[in-house]
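Following: one structure in structure tokens, then a few remarks.
The chains referred to below are lettered A, B, ... by the order of the sequence lines, with proteins before strands, and numbering in each begins at 1.
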There are 2 protein chains.
Amino acid sequence: MATIDRKKQIVDAATNSFSLFGYKATTIDQIAKIANVGKGTIYTFYKNKEELFHEIISSLIKEMKDGVEDILEEDLLFYEKADRALFKLLEFRTDHQLMIKLIQEEKELGTPTVKEVIQNIENMIIDYLKTIIQKGIEKGEIKPCNPELTAFVMLKLYIALIFDWDQLRKPLEKDEISDLFKLYLLNGLSNR
Amino acid sequence: MATIDRKKQIVDAATNSFSLFGYKATTIDQIAKIANVGKGTIYTFYKNKEELFHEIISSLIKEMKDGVEDILEEDLLFYEKADRALFKLLEFRTDHQLMIKLIQEEKELGTPTVKEVIQNIENMIIDYLKTIIQKGIEKGEIKPCNPELTAFVMLKLYIALIFDWDQLRKPLEKDEISDLFKLYLLNGLSNR
DNA sequence: AAATGACCAAGTGGTTAAAATAGTCATTAA
DNA sequence: TTAATGACTATTTTAACCACTTGGTCATTT
């Protein structure tokens, strides 16, 4: 049709701006300007800046889920599923412009809204892992355990290995991390 | 003797002040006042504020080590040693006034000197765990593995379980955490 | 009915002066 | 002679101020 999709323009402009400058440093005026739209128009679609932000984060979360949804269905062993999913989901922290900016803003400015949103994303990851773990338990591949707590531990382990360990020693390769996951969480350190 | 031990007075005053107000909010004037000592006297013992702080942290680290040194010698299984040591060492974060204040200051102000000092303390913990792990490997109790990396993972796991999990769900009991350590890292999740 | 930008109250940022602070050093006390 | 000191200084930090920006509204225009 001839009419322009103002909502899409706004969302696109906001996504770009949030990705480039972060949440706090992005202004509504800026978004309106980039979107070629009056400022008031934005408020006909969204109650406020935060709501617009949350819509964009919803898309990000959807995008993340879409990237791993097939893993759930594939015929893989528990640890392969978990390993692949975690890598794909955590890869956003290094590859996805918006996610990179959000992590940076949380660390450097501690913007509450951003903190909250990152927590939401982590909760999504935990939720997703939970499903994998539950299936693993049902199939008898792994011992019965609290799926949510286990998901939480797995996420923490991967974050530590991928993003924290290199502050002490030289970074680990992807394969090494997968092996460590198998050693530590799957087979355990015990010799008996 | 009749002469007063000015150095001790300074260290005591500084320890109290750092414990109460943190590193940044403690002033040299304040320390001198509490210690009943001229400000210049402090600089006859220490090059600057940071050096005085580091001396006090050295004492803290010594205190922490002293609290767990016997564990190394006791006739315990690997996981008992590791579990007890980690608990005792991490307990300082909730029980030791100075440590509490430092953790708080790192989170709220991000004072670089404090960050550095907390990193030193964590390195000490990792070093200590490393010894326990190496002994465990030598005795054949656990599989061969990178002791430092394993220590790092164990520390991260305990911190996550003790201090982070309760932001999602209800806090875990000490016993639960020990059991989780055995389940996750020692025996592993695998069913075969 | 949808879109808009001038408008407003609240908050941020830049500026400068005043206060506080870490560290020095000439003087004093032992 | 040596140890201790606090007035002093250079550098930060804080406070107060105002101009500017910002998120959000709403009467007007399209």
Could you tell me the separation between the [atom1] atom of [X] and the [atom2] atom of [N], rounded to a whole number of Å?
{"X": "Glu50(A)", "N": "dG23(D)", "atom1": "CD", "atom2": "C1'", "answer": "12 Å"}
{"X": "Tyr43(B)", "N": "dG6(D)", "atom1": "OH", "atom2": "P", "answer": "15 Å"}
{"X": "Gln30(A)", "N": "dT21(D)", "atom1": "CD", "atom2": "C1'", "answer": "12 Å"}
{"X": "Leu52(A)", "N": "dT22(D)", "atom1": "CG", "atom2": "C1'", "answer": "15 Å"}
{"X": "Asp29(A)", "N": "dT21(D)", "atom1": "CG", "atom2": "P", "answer": "11 Å"}
{"X": "Ile31(B)", "N": "dT5(D)", "atom1": "CD1", "atom2": "P", "answer": "15 Å"}
{"X": "Phe21(B)", "N": "dT21(C)", "atom1": "CZ", "atom2": "P", "answer": "12 Å"}
{"X": "Tyr46(A)", "N": "dG23(D)", "atom1": "OH", "atom2": "P", "answer": "16 Å"}

Applying salt bridge (charged side-chain N to carboxylate O under 4.0 Å, His left out) between Arg84(A) and each of Glu74(A), Glu91(A), Glu69(A), report the one that passes.
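The residue from Glu74(A), Glu91(A), Glu69(A) that satisfies salt bridge (charged side-chain N to carboxylate O under 4.0 Å, His left out) with Arg84(A) turns out to be Glu74(A).
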Set out, line by line, the N/O atom pairs under 3.5 Å between protein and nucleotides 10-13 of chain D.
none

Scan Asp166(B), Leu172(B), Leu90(B) and name whichever one has a side-chain contact (heavy atoms from CB on, under 4.5 Å) with Leu161(B).
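That would be Leu172(B).
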Tyr23(B) backbone acceptor or donor facing Glu105(B) side chain under 3.5 Å:
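Between the backbone of Tyr23(B) and the side chain of Glu105(B) there is a qualifying donor-acceptor contact (under 3.5 Å).
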Listed pairs, N/O of protein and of nucleotides 4-6 of chain C, under 3.5 Å:
| from | atom 1 | to | atom 2 | distance (Å) |
| --- | --- | --- | --- | --- |
| dT4(C) | OP2 | Gly38(A) | N | 3.1 |
| dT4(C) | OP2 | Thr41(A) | OG1 | 2.4 |
| dG5(C) | N7 | Gly40(A) | N | 3.3 |
| dG5(C) | O6 | Gly40(A) | N | 3.4 |

Beyond-backbone contact of Glu106(B) with Gln119(B), side-chain heavy atoms, under 4.5 angstrom:
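A side-chain contact under 4.5 Å is absent here.
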Can Phe181(B) and Tyr79(B) be said to form a ring pair (Phe, Tyr, Trp, His ring centres under 6.0 Å), step by step?
CA-CA 8 Å; Phe181(B) 166 51; Tyr79(B) 76 85; 7.0 Å; no
For Asp179(A), salt bridge (charged side-chain N to carboxylate O under 4.0 Å, His left out) partners two or more places apart:
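Result, salt bridge (charged side-chain N to carboxylate O under 4.0 Å, His left out) vs Asp179(A): none returned.
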Check: Tyr158(A) ring centre within less than 6.0 Å of Phe87(A) ring centre
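Close enough - the centres of the two rings lie under 6.0 Å apart.
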Is the shortest side-chain N to carboxylate O distance from Glu55(A) to Lys8(A) below 4.0 Å?
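Lys8(A) and Glu55(A): not salt-bridged.
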In plain terms, say whether Asp66(B) and Lys62(B) are close enough for a salt bridge, that is, a side-chain N and a carboxylate O under 4.0 Å apart.
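Lys62(B) and Asp66(B): salt-bridged.
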